[in-house]
Every structure is written in C-alpha cells, then in structure tokens.
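Structure record follows, encoded as structure tokens.
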Amino acid sequence: MLREILINLLTEAAKKAQREGKLPSVELPEITIERPQKAEHGDYASNFPLKLSRIARANPMVIANELVTLMPKTDEIESAVAAPPGFINFTLKNNWLNRQVDHILTEGESFGNNNMGQGKKVQVEFVSINPTGPLHVGHGRGAILGSALVNVLAASGYNVEKEYYFNDAGNQMDIFRRSLLARYLQSLGIKAEVPENGYMGNYMIVLAQEIITEHGDKFQKLTEAEALKQLGDIGIGKVKDKIKKDLTQLRVEFDVWFREQSLYENGQYDKVMAILRKGDHLAEKEGATWFVSTNLGEDKDNVVVRSNGMPTYFATDIAYHYNKFIERHFEKVIDIWGADHQGHVPRMKAVVAALGIDPEQLQIIIHQMVTLKRGGELVRVSKRTGDLITLEEVMEEVGVDACRFFFLARSASSQMDFDLELAKKQSQENPVYYVQYAHARITSIMRLVEEKKITFADGDTSLLTTEPELTLIRKLLHFPELIEMATLTLEPHHLAYYAQELANTFHAFYKDCRVVTDDEALTKARIKLVMASKTVLAKTLHLMGMNAPDRM
RNA sequence: GCGCCUGUAGCUCAGCCGGAUAGAGCAUCAGUCUUCGAAACUGGUGGUCGAGGGUUCGAAUCCCUCCAGGCGCACCA
C-alpha cells in the first residue's frame, strides 16, 4: 500500500538526517499520512515535520525541506514537496497511475480486498428482535447496517458469520401467547381480554384470523395452558417466518438462526450460572439473584433470576455470549443494537469480563433511531394496521435499493430522518439513481464496444494522460483504502459517499473523454478504464447490497 | 437528576485518534445535447461548524460549562 511506502520513505529520510547530524537524535513520532482536500496539495500529505519540530525544537519548514532532499526516489512518487507551515505533499507519477488500471482489471472483483482479518472468526449478530411482531424501519436500519458491515469485513479477510438471535423464551413470549389467544378467542366470538402490556397491534388480529382459517377453532377446546402452548407455537412460527421473509426481501441473509430456547435445552444456561456463582459474581437479594456488576465498576447490579424463579433476558444473554466466545470460539463478536438498548452495553461488557474474556473482543455498535417522514411530515401510524409502519411497507413503497442506500448513507450514531417521498423520487434529486445510472451508462458503452467487436485486451493504459482520466484513476485507487477504513471503524456508511463520488468522477470523465472514437489505441485504453470503473462501482454497490443495473 | 448519541449551507448529511482558504447531494440562479444514455456535465449564490471558556504553533475535531433534541436509567426486552 502507498501509505506504508510513504511512511517508509519519511522514516528513512529522517534517520538519514539524524545520521548526518541534520536532525537531533530524538525518538521519531508516529507518522501519519493523510489525503489532502485540495488537489494542489498532491495525492498524499504528511504533517510529520510539524510533529517532529516540537520534539526536535527546530523550524518545521527547515525539517520538511531537509526530509524532501534526503528522500529516495521511487517508481510511484513523482514529487515530494515541502509546503508551509510544514507539510510534505506527495504527488503520484502519471505513468504509475495509469498502469494501475491494468492492475484493477487483473484483480477484478477482488480488487480492494485485503487481509486485515487474517481469516479470524468473527460473528456479527444483528436484528435479533423478539418474534412478537413484524419488523419496522428501525430494525431495517440495523439489518442493512449489519449486512453491509459483514460484506466489508469479509472483503478484509475475516471469516464472518451472520447470526440472528431469536428471543423465543421468557416473559415477552408469554405475553405474546396470551395476547394471541385472546385475539383468537375474540375472533371466534368468545369474550376475552388482551392482557395489560400485551401486544395490541392489529397484526395480532390478522394473525389470529389466519390461524382460524388454517386450523379452525380447535384451540378453544383445549385447556388454557395447552392452548397457550399449541396456539402460541404456531403464532411464533408464523411471526418468525414473516421476519425471515422480510429480511430475505431486504437481501439480508443469515448463516445461523439462534434460538434462546436452545440455551436451556443444552444446559449452557446452568453452566454459565455455575461459573458466575463460583466466581462470586452472583448474590441473593430480596428474593432474587443478582449479577454483582458493582464489583466490576458498574453503577448498579442487575437481576438475573427473578424472585419468581424466572430468568431475565439478561440471564440468557449472558449464556448466549458465553456460548459465542467459549463454546463457539469466536475471536471477535460484534453485536448491533438499537439505541434503546444502549443501557445494556456496560453490563454486557462487565459480564464478558467476569467470564474471563477480554471485553475488547466484544464490540457493540449502537445505531440511533429512525424517524419516518413523508415530504417533511412525520409519519407515525400505518394506515393498514394502525401500528407503526412496517419494514415491508417501506420496502414496497420505495424499493429495496433505495432503502439500502438511504440507510447506508448515514452514520450509525446519527439519528435519521427517512423521507419516503425523497427516497422514492426517481429523479435527479435522488442519489440512488445517480449512482446506478453511472453503472448503466458504463454498461451501455460496453454494449457498443461489443457491437463494434472492439477487442481491448492489448490496450495501452499509458495513453491515459488527461486530467479527467487521471482523476478517475485516482478515485478508483481510493477504493482499497475505503475498505480498510470501513473495516477499522466498523462504519459501512463511507461506502455510500464513495459510490457517489465515484459516479460523479465517472460522469465527468464521460463528458470530457469520448471513449469509442477513430483513434483505435486511445479507444482501447479508455475502454480499459471504463471496465475498471465498472468493476469498482459494481463492487461498491454489491458491498452495500445493492444492484448494479445494466439498464434503467 | 444520571448515562449514551446528536447539534456543520435553506433541507438531508459527510468530515471528528487536531493540520493547509470547512465538504457533498438536494434546493436555488446561469450555462451545456448533430456523435458512446442530458436519470448527465460546468459554473455561481449560500456557513458566527449550537453558545461560551480552555489546551495548542494550529480546534468542526481534544477538555470543561451551558443550551437544544433523541434514546435509556425495571425482578421488560
């Protein structure tokens, strides 16, 4: 990578300066290489002389000039220039840049991949809502964020597993069962009450009626306990199927659908509780069992087993994370949660530590809430169900590509306004189509190339020397750095911005540089550049889980 | 009251492990189609980076205080 090359160059120059007595023998500060905002500042820049000046107590410009003179020549770098107040700006050689087009074509779909992950086993767990109702837009955000992050991590050489955790045990499921039974009986004309704190949504009525259509009234004849079990199981199964169906439509695939129930079935829950008890992390208070996280620096303790003997959600989550790290040996676990679960983060970290696992191995991404709007107006209630608007409705209204793009164009930490009208507009004001149009345009050029039976494998990319061509090549070469950054920060939203920039750069190139002309040699060279652009743009879109259309 | 997140152009948002005149898209104004897709391109207008202190050669970025909004603070999940 260029950054490493530049760091080495600077290090060598600095050491040489020290040997020659032009710099005091101080310990060198860490060298950072950045991409300047202004093109006139070159392709890369370093503030190394500024950092060095503080330690060496010397004028930064003097240091910069010294380093520049002592720096060895390389194939990649055209020039290294000292610039006030003490930067060094690097510019790449044109004939190195245009040769990279062939490199991109050779790499193809794997261009931009790296081996940061070194095959490490990583689990990303996301969405994971209770099977008590349909997915909403907020869940969609987590789903899209997670799936794009997984793609990025895979591109960086991690061995990634995608998991959905079904909370299908516990209190909330009981309430779901009771709510469903009440709706079932009501639909049969029998008087029944949905419990307080129950699931009131209209979808529960629809679900009850669906079950009546398929199974008749047989559950009303059973004892209540038996009805809750049998009817509830059917209901839970249906809700799960619906969740899976919505996620598939959103192009979010999972490798593992993990059931909370299984933690009890295979004894892991008991095992973990024993470990915690042995480690003196549990205490009995007020008839309940508590996880004593105050010993680990937390604000308060948390109940794991209620006084009625029922484990809390927290309890199974402890067993679940034990399972992830100890039983399944994930080296890194990433949980993606909505902002409403933020308070759960410190105690989960504390638990992991109590189990003897480095809390750094557990990374929790919190994404903020989504506000749905329509032409600037808040949307609160779905017309169809009387509930919050569902993910399915949003997908149907604005389309999956637009959904994915808009969700990925926001950093997770920022609250988000999702405007249905804007996302839907298939016009110039919609960045989704702007980006996809660039791909369709490229494909259209390639169709022409095929029609004219132009072969270009022997194209000479050193003919690409004009400013729009070189700018496009530079933009393509940003891509591997983008993958690295998104991997380090766990922030896939950079993809969306890059996609727009690349489309923009391509459109500008297209306007200035006609590809297919009478100049056969230049035509072939430009076709190569177009193909490289197609490769990178398509890959960016695919990492985002979007289509790269050939026609629009 | 306490904790986490956010506050940057008219709108939606990047930039935030300090760096060079603060960016993008949309909106708005003015231009550009006899040739590969004008769903495009070029240029202009538009900013006390919530406010105030501090650290620094240098702060949108780090620290403190305050203001505003979101989300939490259960023997719910």
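Below, chain A is the first sequence line, B the second, and so on; all start at residue 1. Only this structure's heavy atoms are used, side chains among them; waters, hydrogens and symmetry mates stay out.
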Determine which nucleotide pairs with B:rC66, using a 3.5 Å limit on both distances of a Watson-Crick or G-U wobble pair.
-> B:rG50
Between B:rA68 and B:rA51, how far is it from one P atom to the other, in whole Å?
-> 15 Å
Please give, in whole Å, the distance from B:rU12 C1' to A:Phe405 CZ?
-> 12 Å
Could you work out which one of B:rG70, B:rG25, B:rU21 sits closest to the side chain of A:Gln500?
-> B:rG25
Check the interface with nucleotides 1-3 of chain B: list each N/O to N/O pair with the protein under 3.5 Å, or write none.
from, atom 1, to, atom 2, distance (Å)
B:rG3, N2, A:Gln342, NE2, 3.2

Given B:rG23, is OP1 or OP2 found less than 4.0 Å from the side-chain N or O atoms of A:Lys38?
-> yes
Is there ring stacking between A:Tyr434 and B:rG25, where the centres must be under 5.5 angstrom apart and the planes under 30 degrees?
-> no
Is any side-chain nitrogen or oxygen of A:Ser413 closer than 4.0 Å to OP1 or OP2 of B:rU6?
-> yes
Tell me whether the OP1 or OP2 atom of B:rC41 has a side-chain N or O from A:Tyr437 closer than 4.0 Å.
-> no
Whole Å only: how far is the NE2 atom of A:His439 from the C1' atom of B:rG37?
-> 14 Å
OP1 or OP2 of B:rA40 less than 4.0 angstrom from a side-chain nitrogen or oxygen of A:Asn504, does that happen here?
-> no
Protein heavy-atom contacts under 4.0 Å, written 5' to 3' over nucleotides 44-49 of chain B as B (base), S (sugar-phosphate only) or - (none), form the string ------
OP1 or OP2 of B:rA14 less than 4.0 angstrom from a side-chain nitrogen or oxygen of A:Ser411, does that happen here?
-> yes
If pairing requires Watson-Crick or G-U wobble contacts with both distances under 3.5 Å, which nucleotide is the partner of B:rC26?
-> B:rG10
Out of B:rC41, B:rA77, B:rG15, whichever nucleotide has its closest atom nearest the side chain of A:Glu491 | B:rG15
Looking only at N and O atoms, is any donor in the side chain of A:Asn89 or the base of B:rA20 less than 3.5 Å from an acceptor on the other one?
-> yes
